Protein chains: 2
Amino acid sequence: MKRLWTLLSMVLLAGCTTPTLRGSADLGVVIERASGQLSLVDTSRREVYARIGGLGDLSHASVVFARDGRYAYVFGRDGGLSKVDLLEARIVKRVLQSGNAIGGAISQDGRIVVAQNYTPGGIKAFDAETLELLSEVPAEYAPGNFSKVVGLADLAGQRFAYALFDGGEVWISDFSDPRQPQTQRYPAGLQPYDGLVTPDGRHYLAGLFGEDGVALLDTWRSEQGTRRILGNYGRGEEKLPVFKMPHLRGWSMAQGNAYLPAIGRHEVLVVAGSNWQEIAHIAVKGQPVFVMARPDGRQVWVNYAFPDNGWVEVIDTLSGKIVKTLAPGRAILHMEFTPRGEQVWISARDDNRVLIYDTATFTKLGELEVQAPSGIFFTSRANRMGF
Amino acid sequence: MKRLWTLLSMVLLAGCTTPTLRGSADLGVVIERASGQLSLVDTSRREVYARIGGLGDLSHASVVFARDGRYAYVFGRDGGLSKVDLLEARIVKRVLQSGNAIGGAISQDGRIVVAQNYTPGGIKAFDAETLELLSEVPAEYAPGNFSKVVGLADLAGQRFAYALFDGGEVWISDFSDPRQPQTQRYPAGLQPYDGLVTPDGRHYLAGLFGEDGVALLDTWRSEQGTRRILGNYGRGEEKLPVFKMPHLRGWSMAQGNAYLPAIGRHEVLVVAGSNWQEIAHIAVKGQPVFVMARPDGRQVWVNYAFPDNGWVEVIDTLSGKIVKTLAPGRAILHMEFTPRGEQVWISARDDNRVLIYDTATFTKLGELEVQAPSGIFFTSRANRMGF
């Protein structure tokens with residue numbers, strides 16, 4: 001009888017070991033670059049609630065989220081695409097989709113996950129549920145010539161925009177029929193190295209490595225083709241030493257203006273969103289990497305390339321002045337705001353810490369132990385275009 | 001022994017009857033006005049997955065969401081404030097907080113829920129976790145005179161803005177210390193009847209019933225006080241017959257412009273967000289009620305007051321023209337977009353149906369049986385300011 005009870009209580013325990021019931025709208029992941037792990041975080045409790053390994057090479061990894069906020073799709077540098085269940089804290093599915101990849105995106109309706117690849121160059125579309133391969137678009141810009149793909153971003157209507165580094169073009173592929181994508185091509189310029197779509201999903205911008213300026217495509221009027229904006233944006237005639245080409249994903253829109261890192265200079269540039277003319281530049285402590293607007297656009301937070309990567313500065317967009325200088329830790333790599341902007345989470349890689357600040361008071365609200373943290377991604381990205 | 005087994009299997013079943021594990025970022029609620037019920041919906045599966053009763057008088061009810069997307073706070077007309085668990089599909093807590101109420105809001109950090117009341121006039125702040133009363137601000141605009149409160153909206157920094165119908169003022173209360181709110185008062189005009197905050201949380205607008213024009217407060221520079229904009233907006237000198245004063249929550253910002261229902265006229269007004277000057281008016285089929293922008297701002301969807309409340313029209317913001325006219329059903333009361341705008345959900349009260357449309361193709365994707373549906377609210381509102 002006693003045995004029976006023991007057995008039964010074991011059955012009871014096993015049968016009931018379901019994960020804690022919790023909402024998914026306040027969750028997120030932090031990339032642990034060195035160990036190939038993810039820390040799963042809860043921004044309400046401000047805690048790491050689980051860690052997951054087995055994700056392969058996570059240097060330069062990026063993450064998108066399913067529309068239910070439950071699943072994270074993790075794109076590794078090694079071409080690994082992993083679907084992680086944030087509620088059960090486990091890898092649901094993992095495919096090695098190419099040899100060398102650099103991020104991905106998810107369709108407006110959440111049904112298609114697309115990876116962008118360096119080798120072989122192109123994009124691949126997967127069923128978001130099963131990770132079954134649906135179709136691919138090889139980046140063959142000329143017969144037999146394949147390009148690295150960069151700057152992949154989702155657009156309205158199951159479309160994706162991306163740039164061809166070697167091909168010098170912007171392509172838009174429409175996956176309305178997921179197995180038969182339709183692709184349009186537009187000239188971009190020499191060596192586009194990254195791209196972004198504006199928060200409204202309308203304008204696609206591709207930064208150029210091989211020449212100055214930025215290619216702009218109005219995706220609502222894509223028949224008009226690309227045009228060149230910000231003619232002086234780039235490494236310039238003198239080819240300044242650039243420690244790190246800033247990602248275009250480090251640009252922000254706030255109060256109708258774009259805030260962007262100058263390349264090779266200690267400046268944040270302010271550009272009018274209406275005509276893309278530079279209207280101001282703000283002197284800062286180093287070469288900016290991420291220039292991130294708080295969701296309401298009142299503040300812009302800036303971090304820097306080595307050797308200034310211990311600083312974070314906060315620009316007040318109303319006055320155009322720096323209102324706060326912080327030294328949160330060593331090797332500040334990334335910043336992520338909670339959806340309504342009351343907190344910002346900052347990764348300090350060399351301190352093995354994620355720091356949480358109140359954006360109104362600049363008080364430190366907490367710090368979490370995370371091994372060599374880099375990218376921080378919250379599930380609220382599922383609700384946004386271009387994220 | 002058999003009894004024991006029966007008992008044990010019952011324990012097993014009971015112990016393991018946990019709700020289905022699911023993400024909360026794609027959930028929502030539909031108000032069933034007549035029956036005092038909520039339909040809980042899933043926008044990925046496009047289904048009603050549960051119904052909840054016992055919520056009291058739900059005419060004119062409104063809903064806000066916890067930052068985890070798991071809990072809905074339902075404000076009833078009868079002063080009832082109910083906290084509903086969307087995962088367990090049950091009422092967790094319910095208080096009758098006043099005799100006559102008209103909606104509420106949730107603080108930027110998600111810790112404080114505030115209700116606005118007609119009788120007795122004022123606002124009350126509750127702990128979002130427990131619904132414990134934290135503090136109240138009676139709307140005593142002159143000694144012994146209390147006002148109905150309308151247009152409550154959350155601002156950055158634990159602040160809330162609202163308007164006093166009888167007092168003719170806009171108040172901002174700061175709940176940084178939740179038990180000791182600090183309130184600032186600003187003149188508004190005659191009988192403000194509703195209010196809204198712009199999507200960036202910066203500008204608070206109060207519509208006036210007693211005179212034409214709208215009171216505007218820049219909450220980033222609230223020391224500058226209110227000013228009057230849209231001097232002709234209102235019922236006008238002739239006091240046009242107005243079937244329904246449109247909510248200010250039916251206004252939208254899209255591509256830098258505000259789209260708003262003309263009062264008493266068959267027009268949608270387009271106003272520049274930069275200077276609040278009218279730049280266009282678009283002829284439509286009836287007196288507009290909700291003028292709702294798709295999240296990317298490319299389309300604006302409009303419904304109408306009786307007798308034109310069977311129509312929905314879609315304005316293309318690029319051309320300024322109506323590109324689609326739909327007749328989704330009888331008594332169209334509300335519309336809600338999925339966060340990235342690929343679907344719109346429309347309530348047709350007199351058909352007892354919620355209709356789901358693809359916003360790119362205008363194809364009907366589905367319809368759900370819901371008793372006399374009115375307001376539709378998706379959890380993505382948790383991530384937005386002023387919702």
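Since we're looking at a predicted model, the values are computed, not measured. Letters go in sequence order (proteins before strands), and every chain restarts at 1.
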Would you check, one step at a time, whether the test side chain to side chain contact (heavy atoms under 4.5 Å, CB included) holds for A:L155 with A:I172?
-> CA-CA 9 Å; A:L155 302 174; A:I172 292 183; 3.9 Å; yes
From B:K324 atom NZ to B:Y357 atom OH, the distance as rounded to the nearest 0.5 Å | 9.0 Å
To the nearest 0.5 angstrom, please state how far the CZ atom of A:R340 sits from the CZ atom of B:R67.
-> 9.0 Å
Part of [X] lying under 4.5 Å from any heavy atom of chain B:
{"X": "A:S107", "result": "backbone"}
{"X": "A:Q158", "result": "neither"}
{"X": "A:T198", "result": "neither"}

Residues of residues 380-387 of chain A under 4.5 Å from chain B (heavy atom pairs)?
-> A:S380, A:A382, A:N383, A:R384, A:M385
Turns out that what part of B:R202 lies under 4.5 Å from chain A's heavy atoms comes down to side chain
Part of B:D154 lying under 4.5 Å from any heavy atom of chain A = side chain
Assert yes or no for the condition that the ring centre distance of A:Y71 to A:F65 is strictly below 6.0 Å.
-> no
Would the B:W345 and B:F378 ring centres measure less than 6.0 Å apart?
-> yes
Do B:D200 and A:Q255 meet the criterion of a side-chain donor-acceptor pair at a distance under 3.5 Å?
-> yes
Around B:E47, counting heavy atoms of other residues, nucleotides and ligands shown, do more than 12 lie under 6.0 Å from its CD?
-> yes
Is it true that the NZ or CZ of A:R294 lies under 6.0 Å from the centre of A:W301's six-membered ring and within 45 degrees of the ring axis?
-> no
Taking the side chain as every heavy atom from C-beta outward, state whether [X] and [Y] have any pair of such atoms under 4.5 Å apart.
{"X": "A:L152", "Y": "A:V114", "value": "yes"}
{"X": "A:V314", "Y": "A:V300", "value": "no"}
{"X": "A:N257", "Y": "A:I279", "value": "yes"}

Answer key: most heavy-atom pairs under 4.5 Å with chain B among A:I106, A:T361, A:D42, A:L27 is A:I106
Residue, of [options], that accumulates the most heavy atom pairs under 4.5 Å with chain A:
{"options": "B:T43, B:D85, B:T379", "value": "B:T43"}
{"options": "B:Q108, B:R111, B:R70, B:Q343", "value": "B:Q108"}
{"options": "B:T359, B:D358, B:L87", "value": "B:L87"}
{"options": "B:G23, B:G341, B:S274", "value": "B:G23"}

